[in-house]
Protein chains: 2
Amino acid sequence: MQTHQTINPQSTFRALADPTRRDILLLLRAKDLSIAEVAGNFDMTRAAVKKHLRVLEEGRLISVTPQGRERINHLEPAALKAVSDWVSFFDEFWDARLTALSSAIAKDWNPE
Amino acid sequence: MQTHQTINPQSTFRALADPTRRDILLLLRAKDLSIAEVAGNFDMTRAAVKKHLRVLEEGRLISVTPQGRERINHLEPAALKAVSDWVSFFDEFWDARLTALSSAIAKDWNPE
DNA sequence: AACTTAAGAAACCTTTTGGTATTACGTCCT
DNA sequence: AGGACGTAATACCAAAAGGTTTCTTAAGTT
(Lines give C-alpha, C1' and ligand atoms only; values in the text may rest on other atoms or scores of the structure.)
Protein backbone atom coordinates (compact mmCIF):
# COMPACT_ATOMS: atom_id res chain seq x y z
CA MET A 1 0.00 0.00 0.00
CA GLN A 2 1.18 3.41 -0.86
CA THR A 3 1.26 5.92 1.96
CA HIS A 4 -0.21 8.91 0.25
CA GLN A 5 0.85 12.06 2.09
CA THR A 6 -1.98 14.55 2.21
CA ILE A 7 -0.55 17.99 1.71
CA ASN A 8 -2.25 21.33 1.72
CA PRO A 9 -2.51 22.65 -1.79
CA GLN A 10 -1.90 26.30 -0.99
CA SER A 11 1.72 26.41 -2.17
CA THR A 12 0.74 24.57 -5.33
CA PHE A 13 -2.11 26.93 -6.19
CA ARG A 14 0.13 29.87 -5.46
CA ALA A 15 2.87 28.51 -7.72
CA LEU A 16 0.40 28.17 -10.58
CA ALA A 17 -0.79 31.75 -10.28
CA ASP A 18 2.11 33.16 -12.31
CA PRO A 19 2.13 32.74 -16.11
CA THR A 20 5.91 32.40 -16.28
CA ARG A 21 5.80 29.53 -13.84
CA ARG A 22 3.04 27.78 -15.77
CA ASP A 23 5.13 28.15 -18.92
CA ILE A 24 8.13 26.66 -17.15
CA LEU A 25 6.07 23.60 -16.28
CA LEU A 26 5.00 23.21 -19.89
CA LEU A 27 8.66 23.43 -20.90
CA LEU A 28 9.67 20.74 -18.46
CA ARG A 29 7.22 18.27 -19.97
CA ALA A 30 9.64 17.74 -22.83
CA LYS A 31 12.78 17.22 -20.76
CA ASP A 32 14.63 18.07 -17.59
CA LEU A 33 16.47 21.38 -17.80
CA SER A 34 19.16 23.28 -15.92
CA ILE A 35 18.40 26.73 -14.58
CA ALA A 36 20.30 28.37 -17.42
CA GLU A 37 18.42 26.30 -19.98
CA VAL A 38 15.07 27.30 -18.50
CA ALA A 39 16.16 30.93 -18.37
CA GLY A 40 17.09 30.78 -22.05
CA ASN A 41 13.41 30.60 -22.85
CA PHE A 42 12.44 33.78 -21.05
CA ASP A 43 13.18 37.45 -21.30
CA MET A 44 14.40 37.90 -17.77
CA THR A 45 17.52 37.30 -15.72
CA ARG A 46 18.60 33.91 -14.44
CA ALA A 47 18.12 35.13 -10.91
CA ALA A 48 14.47 35.88 -11.61
CA VAL A 49 13.96 32.47 -13.20
CA LYS A 50 15.67 30.81 -10.28
CA LYS A 51 13.20 32.46 -7.93
CA HIS A 52 10.34 31.10 -9.98
CA LEU A 53 11.89 27.64 -9.85
CA ARG A 54 12.09 27.97 -6.09
CA VAL A 55 8.38 28.71 -5.88
CA LEU A 56 7.65 25.75 -8.14
CA GLU A 57 9.75 23.56 -5.88
CA GLU A 58 7.89 24.78 -2.80
CA GLY A 59 4.68 23.92 -4.60
CA ARG A 60 6.13 20.42 -5.17
CA LEU A 61 5.64 20.89 -8.89
CA ILE A 62 9.29 20.28 -9.68
CA SER A 63 12.23 18.54 -8.03
CA VAL A 64 15.80 19.78 -8.27
CA THR A 65 18.82 17.49 -8.47
CA PRO A 66 22.40 18.79 -8.32
CA GLN A 67 24.48 17.35 -11.11
CA GLY A 68 28.00 18.67 -11.23
CA ARG A 69 27.78 22.40 -11.15
CA GLU A 70 24.27 22.38 -12.61
CA ARG A 71 20.86 21.96 -11.01
CA ILE A 72 18.55 19.80 -13.03
CA ASN A 73 14.89 20.75 -12.76
CA HIS A 74 12.48 17.89 -13.17
CA LEU A 75 8.71 18.05 -13.55
CA GLU A 76 6.74 16.54 -10.66
CA PRO A 77 3.20 16.38 -11.97
CA ALA A 78 1.88 14.57 -8.91
CA ALA A 79 1.21 17.91 -7.21
CA LEU A 80 -1.25 18.69 -9.96
CA LYS A 81 -3.36 15.89 -8.59
CA ALA A 82 -4.22 18.10 -5.63
CA VAL A 83 -5.41 20.81 -8.00
CA SER A 84 -7.36 18.34 -10.04
CA ASP A 85 -8.97 16.95 -6.90
CA TRP A 86 -9.95 20.42 -5.73
CA VAL A 87 -11.45 21.33 -9.08
CA SER A 88 -13.40 18.10 -9.04
CA PHE A 89 -15.38 19.41 -6.06
CA PHE A 90 -17.22 21.39 -8.71
CA ASP A 91 -17.59 18.72 -11.35
CA GLU A 92 -21.27 18.24 -10.78
CA PHE A 93 -21.88 21.90 -11.50
CA TRP A 94 -20.23 22.17 -14.86
CA ASP A 95 -20.52 18.71 -16.35
CA ALA A 96 -22.76 16.08 -14.88
CA ARG A 97 -21.69 13.62 -17.54
CA LEU A 98 -18.06 13.65 -16.41
CA THR A 99 -19.08 12.97 -12.83
CA ALA A 100 -21.19 10.00 -13.79
CA LEU A 101 -18.37 8.73 -15.91
CA SER A 102 -15.66 8.87 -13.30
CA SER A 103 -17.71 7.06 -10.69
CA ALA A 104 -18.48 4.32 -13.18
CA ILE A 105 -14.77 4.01 -13.89
CA ALA A 106 -13.84 4.02 -10.24
CA LYS A 107 -15.87 0.88 -9.78
CA ASP A 108 -13.89 -0.89 -12.47
CA TRP A 109 -10.61 0.23 -11.01
CA ASN A 110 -11.18 -0.59 -7.38
CA PRO A 111 -12.68 -4.03 -7.31
CA GLU A 112 -11.73 -4.70 -3.68
CA MET B 1 -23.50 24.75 -32.00
CA GLN B 2 -22.22 26.50 -28.97
CA THR B 3 -19.79 29.33 -29.55
CA HIS B 4 -17.23 28.59 -26.91
CA GLN B 5 -15.30 31.75 -26.07
CA THR B 6 -11.66 30.99 -25.50
CA ILE B 7 -10.41 33.15 -22.66
CA ASN B 8 -6.99 33.39 -21.18
CA PRO B 9 -6.90 31.67 -17.83
CA GLN B 10 -4.57 34.07 -16.04
CA SER B 11 -7.25 35.88 -14.03
CA THR B 12 -8.78 32.55 -13.09
CA PHE B 13 -5.52 31.05 -11.85
CA ARG B 14 -4.79 34.23 -9.97
CA ALA B 15 -8.21 34.16 -8.32
CA LEU B 16 -7.65 30.60 -7.14
CA ALA B 17 -4.30 31.41 -5.54
CA ASP B 18 -5.86 32.73 -2.34
CA PRO B 19 -7.29 30.29 0.23
CA THR B 20 -10.09 32.64 1.28
CA ARG B 21 -11.26 32.87 -2.30
CA ARG B 22 -11.20 29.10 -2.74
CA ASP B 23 -13.26 28.78 0.44
CA ILE B 24 -15.76 31.31 -0.89
CA LEU B 25 -16.22 29.18 -4.00
CA LEU B 26 -16.84 26.10 -1.86
CA LEU B 27 -19.42 28.09 0.10
CA LEU B 28 -21.22 29.17 -3.03
CA ARG B 29 -21.73 25.57 -4.12
CA ALA B 30 -24.56 25.28 -1.60
CA LYS B 31 -26.39 28.48 -2.52
CA ASP B 32 -26.09 32.01 -3.80
CA LEU B 33 -25.11 34.50 -1.11
CA SER B 34 -25.03 38.24 -0.58
CA ILE B 35 -21.77 39.93 0.32
CA ALA B 36 -22.73 40.19 3.97
CA GLU B 37 -23.67 36.51 4.05
CA VAL B 38 -20.34 35.52 2.56
CA ALA B 39 -18.50 37.80 4.98
CA GLY B 40 -20.31 36.16 7.89
CA ASN B 41 -18.24 33.07 7.28
CA PHE B 42 -14.86 34.77 7.58
CA ASP B 43 -12.91 36.59 10.21
CA MET B 44 -12.37 39.76 8.23
CA THR B 45 -14.26 42.88 7.29
CA ARG B 46 -16.92 43.04 4.62
CA ALA B 47 -14.72 45.36 2.62
CA ALA B 48 -11.99 42.73 2.49
CA VAL B 49 -14.45 40.05 1.45
CA LYS B 50 -15.88 42.33 -1.20
CA LYS B 51 -12.39 42.72 -2.67
CA HIS B 52 -12.05 38.96 -2.84
CA LEU B 53 -15.42 38.72 -4.56
CA ARG B 54 -14.23 41.26 -7.09
CA VAL B 55 -11.19 39.14 -7.91
CA LEU B 56 -13.40 36.07 -8.24
CA GLU B 57 -15.65 38.00 -10.60
CA GLU B 58 -12.65 39.07 -12.69
CA GLY B 59 -11.65 35.43 -12.83
CA ARG B 60 -15.17 34.67 -14.10
CA LEU B 61 -15.62 32.26 -11.21
CA ILE B 62 -18.71 34.04 -9.91
CA SER B 63 -21.37 36.34 -11.32
CA VAL B 64 -22.98 39.13 -9.34
CA THR B 65 -26.60 40.15 -9.67
CA PRO B 66 -28.05 43.22 -7.94
CA GLN B 67 -31.23 42.39 -6.10
CA GLY B 68 -32.70 45.27 -4.17
CA ARG B 69 -29.90 46.68 -2.09
CA GLU B 70 -28.07 43.37 -2.04
CA ARG B 71 -25.64 41.83 -4.48
CA ILE B 72 -26.19 38.14 -4.99
CA ASN B 73 -23.02 36.21 -5.69
CA HIS B 74 -23.49 33.14 -7.82
CA LEU B 75 -20.98 30.40 -8.56
CA GLU B 76 -19.87 30.18 -12.19
CA PRO B 77 -17.99 26.90 -12.37
CA ALA B 78 -17.45 27.11 -16.12
CA ALA B 79 -14.24 29.04 -15.58
CA LEU B 80 -12.84 26.00 -13.79
CA LYS B 81 -12.97 24.24 -17.12
CA ALA B 82 -10.00 26.35 -18.23
CA VAL B 83 -8.04 25.20 -15.20
CA SER B 84 -9.04 21.61 -15.75
CA ASP B 85 -7.99 21.86 -19.38
CA TRP B 86 -4.62 23.30 -18.45
CA VAL B 87 -3.98 20.62 -15.87
CA SER B 88 -4.88 17.98 -18.43
CA PHE B 89 -1.78 18.96 -20.40
CA PHE B 90 0.01 16.90 -17.79
CA ASP B 91 -2.37 13.98 -17.57
CA GLU B 92 -0.07 11.58 -19.35
CA PHE B 93 2.61 12.23 -16.76
CA TRP B 94 0.73 11.45 -13.62
CA ASP B 95 -1.83 8.88 -14.60
CA ALA B 96 -1.72 7.12 -17.91
CA ARG B 97 -4.87 5.23 -17.03
CA LEU B 98 -6.96 8.36 -16.79
CA THR B 99 -5.78 9.49 -20.19
CA ALA B 100 -6.67 6.22 -21.78
CA LEU B 101 -10.01 6.34 -20.10
CA SER B 102 -11.02 9.78 -21.20
CA SER B 103 -10.16 9.13 -24.81
CA ALA B 104 -12.24 5.96 -24.73
CA ILE B 105 -15.13 7.95 -23.33
CA ALA B 106 -14.73 10.75 -25.84
CA LYS B 107 -15.38 8.25 -28.59
CA ASP B 108 -18.69 7.26 -27.02
CA TRP B 109 -19.73 10.84 -26.54
CA ASN B 110 -18.86 12.21 -29.94
CA PRO B 111 -20.25 9.78 -32.44
CA GLU B 112 -20.11 12.22 -35.36
C1' DA C 1 -39.62 61.31 8.02
C1' DA C 2 -36.29 58.94 10.57
C1' DC C 3 -33.62 54.88 11.22
C1' DT C 4 -31.21 50.82 9.92
C1' DT C 5 -28.87 48.02 6.87
C1' DA C 6 -26.10 46.60 2.38
C1' DA C 7 -23.02 47.96 -0.38
C1' DG C 8 -19.64 51.17 -2.99
C1' DA C 9 -15.51 54.02 -2.85
C1' DA C 10 -11.46 55.92 -1.45
C1' DA C 11 -7.39 56.57 1.44
C1' DC C 12 -4.10 54.33 3.83
C1' DC C 13 -0.85 50.66 5.71
C1' DT C 14 2.08 46.48 5.70
C1' DT C 15 3.71 42.44 3.53
C1' DT C 16 4.58 39.85 -0.54
C1' DT C 17 5.86 39.49 -5.21
C1' DG C 18 8.56 39.84 -9.28
C1' DG C 19 12.18 41.82 -10.89
C1' DT C 20 17.19 43.87 -10.94
C1' DA C 21 22.34 44.08 -9.97
C1' DT C 22 26.29 42.60 -7.50
C1' DT C 23 29.20 39.53 -5.27
C1' DA C 24 30.92 35.05 -3.96
C1' DC C 25 31.56 30.09 -4.50
C1' DG C 26 32.15 25.54 -6.58
C1' DT C 27 32.99 22.94 -10.80
C1' DC C 28 34.81 22.03 -15.21
C1' DC C 29 38.34 22.66 -18.77
C1' DT C 30 42.82 23.71 -20.68
C1' DA D 1 47.11 27.09 -11.76
C1' DG D 2 44.03 29.94 -14.03
C1' DG D 3 39.88 31.06 -16.41
C1' DA D 4 35.19 30.30 -17.73
C1' DC D 5 30.82 28.83 -16.42
C1' DG D 6 26.53 27.64 -13.50
C1' DT D 7 24.63 28.65 -9.51
C1' DA D 8 23.89 30.75 -4.70
C1' DA D 9 23.17 34.69 -1.85
C1' DT D 10 22.26 39.12 -0.76
C1' DA D 11 20.62 43.79 -1.05
C1' DC D 12 17.67 46.60 -3.23
C1' DC D 13 13.42 48.45 -5.67
C1' DA D 14 8.61 49.18 -7.52
C1' DA D 15 4.30 47.40 -7.82
C1' DA D 16 0.67 44.42 -6.33
C1' DA D 17 -1.93 42.03 -2.67
C1' DG D 18 -4.47 41.76 1.36
C1' DG D 19 -6.13 44.01 4.84
C1' DT D 20 -8.16 48.15 7.64
C1' DT D 21 -10.92 52.45 8.49
C1' DT D 22 -13.94 56.09 7.20
C1' DC D 23 -17.41 58.20 4.52
C1' DT D 24 -21.24 58.12 1.28
C1' DT D 25 -25.18 56.39 -1.08
C1' DA D 26 -29.14 53.57 -1.81
C1' DA D 27 -32.81 50.55 -0.23
C1' DG D 28 -35.73 48.72 3.25
C1' DT D 29 -38.34 49.38 7.76
C1' DT D 30 -41.09 51.48 11.24
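So that the names make sense, note that chain A is the first sequence line, chain B the second, and so on, each numbered from 1. Just so it is clear, the values below take in all heavy atoms, side chains as well, and ignore hydrogens, waters and symmetry mates.
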Residues from residues 68-75 of chain B lying under 4.0 Å of DNA chain D - heavy atoms: Gly68(B), Arg69(B)
Single hit among Glu57(B), His74(B), Glu76(B) for side chain to side chain donor-acceptor pair (under 3.5 Å) with Ser63(B): Glu76(B)
Applying the 4.5 Å side-chain criterion to the ILVMFWY set and letting contacts propagate, would Trp86(B) and Leu25(B) be lumped into a single cluster? yes
To the nearest angstrom, how far is [X] atom [atom1] from [N] atom [atom2]?
| X | N | atom1 | atom2 | value |
| --- | --- | --- | --- | --- |
| His52(B) | dA7(C) | NE2 | C1' | 17 Å |
| Leu16(B) | dA17(D) | CG | P | 14 Å |
| Asp23(B) | dG18(D) | CG | C1' | 15 Å |
| Arg46(B) | dT4(C) | CZ | C1' | 11 Å |
| Phe42(A) | dG19(C) | CZ | P | 10 Å |
| Lys51(B) | dT14(C) | NZ | P | 15 Å |

Tell me whether Arg29(B) forms a cation-pi arrangement with Phe93(A), defined as NZ or CZ under 6.0 Å from the six-membered ring centre and within 45 degrees of its axis. no
Quick one: which of dA8(D), dT20(C), dA9(C) gets closest to the side chain of Ile35(A)? dA8(D)
Note: Arg22(B)-Asp18(B) ion pair, threshold 4.0 Å (strictly below): no
With no hydrogens and no angle check, do the side chains of Arg71(B) and Ser34(B) hold a donor and an acceptor under 3.5 Å apart? no
